[in-house]
Protein chains: 4
Amino acid sequence: MPKPGGSRRAELLSLAARLFAERGFVSTTVRDIADAAGILSGSLYHHFDSKESMADEILTGFLDELFGTYAEIVAAGHGPRETLEAVVTASFDSIHRRPAEVAIYQNEAKHLMQLPRFAYLVDRNAEFRKLWNGILTDGVGAGVFRQDLDVELVYRFIRDTVWVAVRWYNPDGALTSDAVAKQYLGILLDGIGTKSG
Amino acid sequence: MPKPGGSRRAELLSLAARLFAERGFVSTTVRDIADAAGILSGSLYHHFDSKESMADEILTGFLDELFGTYAEIVAAGHGPRETLEAVVTASFDSIHRRPAEVAIYQNEAKHLMQLPRFAYLVDRNAEFRKLWNGILTDGVGAGVFRQDLDVELVYRFIRDTVWVAVRWYNPDGALTSDAVAKQYLGILLDGIGTKSG
Amino acid sequence: MPKPGGSRRAELLSLAARLFAERGFVSTTVRDIADAAGILSGSLYHHFDSKESMADEILTGFLDELFGTYAEIVAAGHGPRETLEAVVTASFDSIHRRPAEVAIYQNEAKHLMQLPRFAYLVDRNAEFRKLWNGILTDGVGAGVFRQDLDVELVYRFIRDTVWVAVRWYNPDGALTSDAVAKQYLGILLDGIGTKSG
Amino acid sequence: MPKPGGSRRAELLSLAARLFAERGFVSTTVRDIADAAGILSGSLYHHFDSKESMADEILTGFLDELFGTYAEIVAAGHGPRETLEAVVTASFDSIHRRPAEVAIYQNEAKHLMQLPRFAYLVDRNAEFRKLWNGILTDGVGAGVFRQDLDVELVYRFIRDTVWVAVRWYNPDGALTSDAVAKQYLGILLDGIGTKSG
DNA sequence: AATGAATGAGATTTCATTCAT
DNA sequence: GATGAATGAAATCTCATTCAT
């Protein structure tokens, strides 16, 4: 079980992530992954001790990176509006750079979370909620966001809209993740209606 | 194979829908459904000829109803803003009334769509896009929505935000689907920012 | 369980025979038969107590008739050659009149014979062999058939060639079973070679 | 899925062929085959992807060999009588060497042929008919076979008689396939009747 | 005579995983 | 690092049969 930075490991994880994202965790067979890697399914077990552990490693790596980025943004100490813009932009950027990982997180977390080994997903969810909800609450308190918002509801709307974009966002397309973020923030902050609408 | 319309069939479909929504289509076993119904798994095949055909029937029924409602709204002939409000409200209402069906549509359509028997999902998607995109385009043309919108992008944001709500909306909770719709439309049309923000 | 001459019974047996002949006994489901009769599979059990008993009744009826005919031929007391011609002709005729029954006998007897309830098939086989083999032996003894024949082998060749014809003989075709019998007897008795061949 | 050619595969196919021949394709369970091989039924799927594909491989292998032999005979360029003798003898020989395969071809082809994957059986049948029918037609034209033969009928009689022999021929018995062939050709060419008969 | 619902046994197949080589 | 063969558990599905109504 070669643990440290084997590049073969990384390749295999990347393949697995792509397949998990495309077909779903349960529907992706160990043989699918092995086929994609050009080896036999049994051979995968020289690298990982289970299919679950692949998903685990994929998610852990992704979440560590994502929350690291969030931490940096918070550490910068900007106001609620700028912070919101930054986390939204960073989130769309993570969709751009790690689409497979985001998709797995989006689609599988709910089910995986129920397994003890994935308990950390529950914690990450709580952490995530605390961060985003906090930004909104601060913003309402600071008067930069409307006073009549149901913060919890707005939090959910934003969270879902941002992450679900992984379903259609194309990393190779003309529309950059920054552009998507800008458009979304425009709508979110000012609405789609005209003054007269 | 009893005719569609038998009440036992409907009961079983309802149970299946709930389980498919909770655990996912692939992870729900035929035995799970049979257990829930208090019969043996083989007995289900007296009513349906496969697990797939259960999903088929669930989705067909749901989509027929949903698009029927949409058709009525369009037929009413209101302006873009009112029409948008009506379809958003109707969509949240369908989440309220058919949460399992919406969840299945959200979570499984992408995979099921690839099977020939579910080809109609592709058509429904196109129909859906045409309707919602059309409302937005009309609204921009009529000056009730901002001229600088990327309509396709806004369409996706709205679509995703509305439907993904099925993940957290609780039909038995205090927050009604109408209230959710109102909040969302408020944000969508006017943004969360204050004038001064 | 209506036993005596119900015409519904006869209809159902006829349907079953056709299906057993076409698809094979094991591959024909009770539901196939019920479908063909326009009733539900459970309803068949008002007429017969099992799928096996249908096959039983079909075979018994057919064999009684066939061996009745053979008995009449033997009772006529003709010479070996005429008797052989008569049983061959009668056999092709039974293919004409009862193609489904013959096909079942041909294709399923080997397997059914192993079940206790079909033990009579073994007896019938022995009876059949005794009759045909006897005719050939008599013929060789009487000098109407060649002295150098391996009677057992010739018996098998004739038996197989005649009965296997059920696979291609078409009761509705232009070629009558009598014509087929004549052609076959011509070949059998005189060969296909020319004197000079 | 190991490449065709693995020796384990060949062993398993041979076992399967024997069982298919004895019990019939549908009545032979995958477990029967696995039991005979001393492994679990699921393990068979390491080598073959379905029961059907086993039958497929068995039949393909057999037919390739058989038609190869026929091609050699035709290529030898003998007259109709010698060619007929050669193909009949070769056919009885194939019953001797591959009794299981012949039995499967005899008993199951009719049903398997209806499946798309076994469409080649239809082609082989046509090829077979063309060859045998051609020999007979040539022979009638050349005057070595009687002028009054219904060639199509004779073709069927010969075909059936030869192949159906698989039902009783015993590869381990005293009667060799060559002896059977000689007896049959004797009857076929000269008849069983005496000149005076 | 038939329906509608179910049983229960067993079939084929899937697949993560193990392990000797 | 990989192969090739297998396990074992569980999945979907089939189907003859039963039985209350």
Side-chain angles (χ1 to χ4, degrees), chain A residues 1-2 6 8-9 12 25-34 37-54, chain B residues 1-3 6-9 11-12 26-34 37-54, chain C residues 1-2 6 8-9 12 25-34 37-54, chain D residues 1-3 6-9 11-12 26-34 37-54:
Chain A
M1 200 68 39
R8 186 70 172 132
R9 249 183 109 74
L12 294 171
F25 179 71
V26 278
S27 296
T28 301
T29 71
V30 169
R31 224 180 102 178
D32 288 339
I33 303 170
I39 58 179
L40 291 179
S41 64
S43 305
L44 269 181
Y45 288 80
H46 285 286
H47 302 276
F48 307 97
D49 39 49
S50 71
K51 187 170 118 171
E52 256 178 32
S53 80
M54 291 186 231
Chain B
M1 200 70 40
K3 298 273 167 289
S7 78
R8 186 62 172 135
R9 265 178 93 79
E11 277 175 61
L12 294 171
V26 278
S27 297
T28 301
T29 72
V30 168
R31 247 193 78 177
D32 288 340
I33 303 170
I39 58 178
L40 291 176
S41 65
S43 303
L44 271 180
Y45 289 82
H46 180 65
H47 301 277
F48 306 98
D49 37 49
S50 68
K51 190 171 112 171
E52 250 179 36
S53 81
M54 292 188 228
Chain C
M1 198 72 36
R8 186 68 172 134
R9 250 183 107 73
L12 293 172
F25 179 71
V26 278
S27 296
T28 302
T29 70
V30 169
R31 223 181 103 177
D32 288 338
I33 303 169
I39 58 179
L40 290 179
S41 64
S43 305
L44 269 181
Y45 288 80
H46 285 285
H47 301 277
F48 307 97
D49 39 48
S50 71
K51 186 170 117 172
E52 257 179 32
S53 81
M54 290 188 231
Chain D
M1 200 71 40
K3 298 276 166 286
S7 80
R8 188 63 172 134
R9 264 178 93 81
E11 278 175 60
L12 295 170
V26 279
S27 296
T28 302
T29 71
V30 168
R31 248 194 78 176
D32 289 338
I33 303 169
I39 57 176
L40 292 177
S41 65
S43 304
L44 272 180
Y45 289 81
H46 180 65
H47 301 277
F48 307 98
D49 37 49
S50 69
K51 190 171 113 170
E52 251 180 36
S53 80
M54 291 188 228

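No experiment lies behind these values; they were computed from the predicted model shown. A note on names: the letters A, B, ... follow the listed sequences, proteins ahead of strands, and every chain is numbered from 1.
- Consecutive pairing runs in DNA chain F reach the stem threshold at E:2-21 with F:2-21, where a stem means at least three Watson-Crick or G-U wobble pairs with distances under 3.5 Å.
- In this structure, A:Leu44 and B:Asp49 both approach DNA chain F, and ranking their closest nucleotides by distance from the 5' end singles out A:Leu44.
- Between atom NE2 of residue B:His46 and atom CZ of residue B:Arg8 there is a gap of 10.0 Å, rounded to the nearest 0.5 Å.
- Between C:His47 and E:dA2 there is a side-chain polar atom (N or O) within less than 4.0 angstrom of OP1 or OP2.
- Per the geometry, CD belonging to D:Glu11 stands 14 Å off C1' belonging to F:dG4, to the nearest Å.
- In B:Arg9, the CZ atom is crowded: over 12 heavy atoms of neighbouring residues, nucleotides or ligands sit closer than 6.0 Å.
- Mapping A:Arg31 and C:Gly42 onto DNA chain E by nearest heavy atom places C:Gly42 at the nucleotide closer to the 5' end.
- Here the closest heavy-atom approach between residue C:Tyr45 and residue C:Ser50 is recorded as CE2-CA, 4.0 Å.
- When each of C:Thr28 and D:Ile39 is assigned the nucleotide of DNA chain F with its nearest heavy atom, D:Ile39 is the one assigned upstream, toward the 5' end.
- Of the candidates E:dT3, E:dA11, E:dA5, E:dA11 carries the atom nearest the D:Thr29 side chain, counting heavy atoms from C-beta on.
- Atom NZ of D:Lys51 and atom P of E:dT13 are 8 Å apart (whole Å).
- Residue B:Ser50 is in sugar-phosphate contact alone, with no base atom involved, counting any heavy-atom pair closer than 4.0 Å across all strands shown.
- With values rounded to the nearest 0.5 angstrom, A:Phe25 atom CZ is found 5.5 Å from A:Glu52 atom CD.
- Distances were taken from every side-chain heavy atom of D:His46 (C-beta onward) to each of E:dA2, E:dT12, F:dA5; the shortest belongs to F:dA5.
- To the nearest 0.5 Å, atoms NZ (A:Lys51) and OG1 (A:Thr29) are separated by 7.0 Å.
- Set against E:dT17, F:dT3, E:dA5, the side chain of B:Arg8 has E:dA5 as its closest nucleotide.
- Remark: P of F:dA5 and CZ of D:Arg9 are 10 Å apart, rounded to the nearest angstrom.
- One can place CG of D:Leu12 at 15 Å from P of F:dG4, the figure rounded to the nearest angstrom.
- C:Thr28 meets the side chain to side chain contact (heavy atoms under 4.5 Å, CB included) test with C:Leu19, C:Phe20, C:Arg23, C:Asp32, C:Ile33; sequence neighbours excluded.
- Per the geometry, CD1 belonging to C:Ile33 stands 12 Å off P belonging to F:dC15, to the nearest Å.
- The listed nucleotides are E:dA2, E:dG4, F:dA16; the one nearest the side chain of C:Leu40 is E:dG4.
- Protein atom CE of D:Met54 is 11 Å distant from nucleotide atom C1' of E:dT13, rounded to whole Å.
- To the nearest 0.5 angstrom, A:Met54 atom CE is 8.0 Å from A:Leu12 atom CG.
- Put simply, B:Ser43 has a side-chain N or O that comes within less than 4.0 Å of OP1 or OP2 on E:dT7.
- A straight line from OH of D:Tyr45 to C1' of E:dC15 spans 13 Å, rounded to a whole angstrom.
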